[in-house]
Amino acid sequence: MSINLVFSEEIREARETGQPIVALESTIITHGMPYPQNVEVAQDVENVVRQNGATPATIAILDGSLHIGLSKDQLEGLGQANKVAKVSRADIAAIIAKGKTGATTVSATMIAANLADIKVFATGGIGGVHRGAEQSFDVSADLQELSQTPVSVVCAGAKAILDLPKTFEVLETLGVPVVAYGQDALPAFWSSTSELNAPLRADNPHQIADMIRVRREMGIPGGCLIANPIPKDAEIPNEVITPIIEAALKAAAVQGVHGKDVTPFLLQKIFEITKGASLTANIALIKNNAALASQVAKSLCD
Ligand code: PSU
Ligand code: MN
């Protein structure tokens with residue numbers, strides 16, 4: 001038995017002609033947003049990539065095949081399905097071996113992108129060190145992945161549901177370059193800034209591409225993390241989102257939510273408390289990240 005890597009028609013063509021490709025994850029579709037917005041957003045994000053001169057490769061495991069690029073029907077099916085597995089490095093092989101369907105998180109999407117020779121990946125927010133990790137040891141597999149798999153990830157910072165200072169300490173320890181785009185402050189997902197400054201800064205896509213190239217030439221493993229601030233007109237200010245995050249964290253503690261369920265639970269709770277405003281912001285930032293990732297992928301192609 002071997003892995004069945006399935007390229008969509010669009011991706012096959014892009015590979016043959018050497019066009020820039022941007023990877024997109026699928027956990028955001030199955031566990032990050034409600035149906036039908038999840039499918040609409042996934043299609044809109046793909047279109048943003050196309051409008052910016054690259055080809056979108058949404059990645060998912062369908063019946064044991066690792067798909068690089070999904071058709072409209074496949075995207076729709078995934079968006080409607082419930083009880084799809086949320087797959088990371090630890091279980092990607094098991095899901096494939098068993099012939100199951102799974103949505104890829106940042107770590108699993110990076111592994112798949114690397115297999116397909118895709119260098120740039122756009123998402124909303126990465127996983128990180130959860131608040132209370134000193135008790136729970138809950139640290140996302142995304143961080144470790146960034147240190148070993150050569151795919152660079154454009155996100156809007158780590159989700160503010162996490163312990164941001166600890167998340168960035170771990171990234172530094174793991175040797176992951178964290179680059180704020182166009183500003184010194186690290187963005188915090190729903191908010192364009194935070195009190196933390198990023199260790200690195202880039203002001204155009206070429207600077208990011210150059211850094212990726214130099215790291216590759218030096219043989220340094222892993223990818224870069226690009227923290228791209230949510231557009232100002234779409235952000236939810238820190239002082240507004242902070243008490244909402246705290247309420248969601250309290251609800252998770254009361255209900256004893258743990259492991260893989262924590263992140264989807266918190267996102268859903270915040271969606272309910274903000275009456276959908278968190279989702280609107282989430283959509284704006286993902287599109288913004290897809291645009292920047294496409295420009296970086298294009299610059300890397302030159
Ligand atoms: N950002 C979002 N929505 C999501 C996620 C990130 O706006 O659903 C997902 C990503 O797939 C990320 C995962 O890799 O959450 C992290 O999960 P965990 O904290 O369990 O490692
Ligand atoms: Mn976790």
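One-based numbering, in listed order, for ligands and for the atoms of each. FYI, side chains are in, hydrogens and waters are out, and symmetry mates aren't considered; it's all heavy atoms of this structure.
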### Message
Quick one, P165 and L196 - any side-chain contact, counting heavy atoms below 4.5 Å?
### Response
yes
### Message
On a heavy-atom basis, I'd like to know which of Q268, K260, K86 is closest to atom 20 (O) of ligand 1.
### Response
K86
### Message
Show the atoms of ligand 1 that are less than 4.0 angstrom away from any heavy atom in F189.
### Response
7 (O)
### Query
Does the distance from a Lys or Arg side-chain N to an Asp or Glu carboxylate O, for K100 and D63, drop under 4.0 Å?
no
### Query
How about N52 and V22: do any of their side-chain heavy atoms sit closer than 4.5 Å?
no
### Task
Give the numbers and elements of all ligand 1 atoms closer than 4.0 Å to a heavy atom of S140.
18 (P), 21 (O)
#### Entry: Side-chain ion pair, K269 and E272, N-O less than 4.0 Å
yes
### Query
Among protein heavy atoms, which sits nearest to atom 5 (C) of ligand 1, and what does the distance come to when rounded to 0.1 Å?
K159 NZ, 3.5 Å
### Task
Inspect the surroundings of CD in E134 and state if more than 12 heavy atoms from other residues, nucleotides or ligands are less than 6.0 Å away.
yes
### Salt bridge flag under 4.0 Å for residues K260 and D91
yes
### Query
Of the choices N38, D142, N282, which has the non-hydrogen atom that lies closest to atom 14 (O) of ligand 1?
D142
### Side chain to side chain, V87 and T105, heavy atoms closer than 4.5 Å
no
### N/O separation below 3.5 Å, G125 to ligand 1
yes
### Message
So if I count the atoms of ligand 1 from 1 in the order they appear, which ones are less than 4.0 Å from some heavy atom of T263?
### Response
15 (O), 17 (O), 18 (P), 19 (O), 20 (O)
### Query
Starting from atom 3 (N) of ligand 1, which protein heavy atom do you reach first, and at what distance in Å?
L267 CD1, 3.3 Å
### Query
Does at least one non-hydrogen atom of G124 fall below 4.0 angstrom from an atom of ligand 1?
no
### Message
Looking at R201 and D184, is any side-chain nitrogen of the basic one under 4.0 Å from a carboxylate oxygen of the acidic one?
### Response
yes
### Task
Name the closest protein heavy atom to atom 11 (O) of ligand 1, giving the residue it belongs to and the distance to 0.1 Å.
E25 OE1, 2.5 Å
### Message
Between ligand 1 and S107, is the shortest N or O to N or O distance under 3.5 Å?
### Response
no
### Message
Check this for me - ligand 1, V106, N or O atoms closer than 3.5 angstrom, yes or no?
### Response
yes
### Query
D138: which N/O/S atom is nearest the Mn ion (ligand 2)?
OD1
### Query
Is the closest heavy atom of H130 to ligand 1 under 4.0 Å?
yes
### Message
Any non-hydrogen side-chain atom of V6 less than 4.5 Å from a side-chain atom of N4?
### Response
yes
### Query
So, E46 and R50, do they make that salt bridge, N to O below 4.0 Å?
yes
### Message
Can you name the atoms of ligand 1, numbered from 1 with element, that are less than 4.0 Å from a heavy atom of T105?
### Response
11 (O), 14 (O)
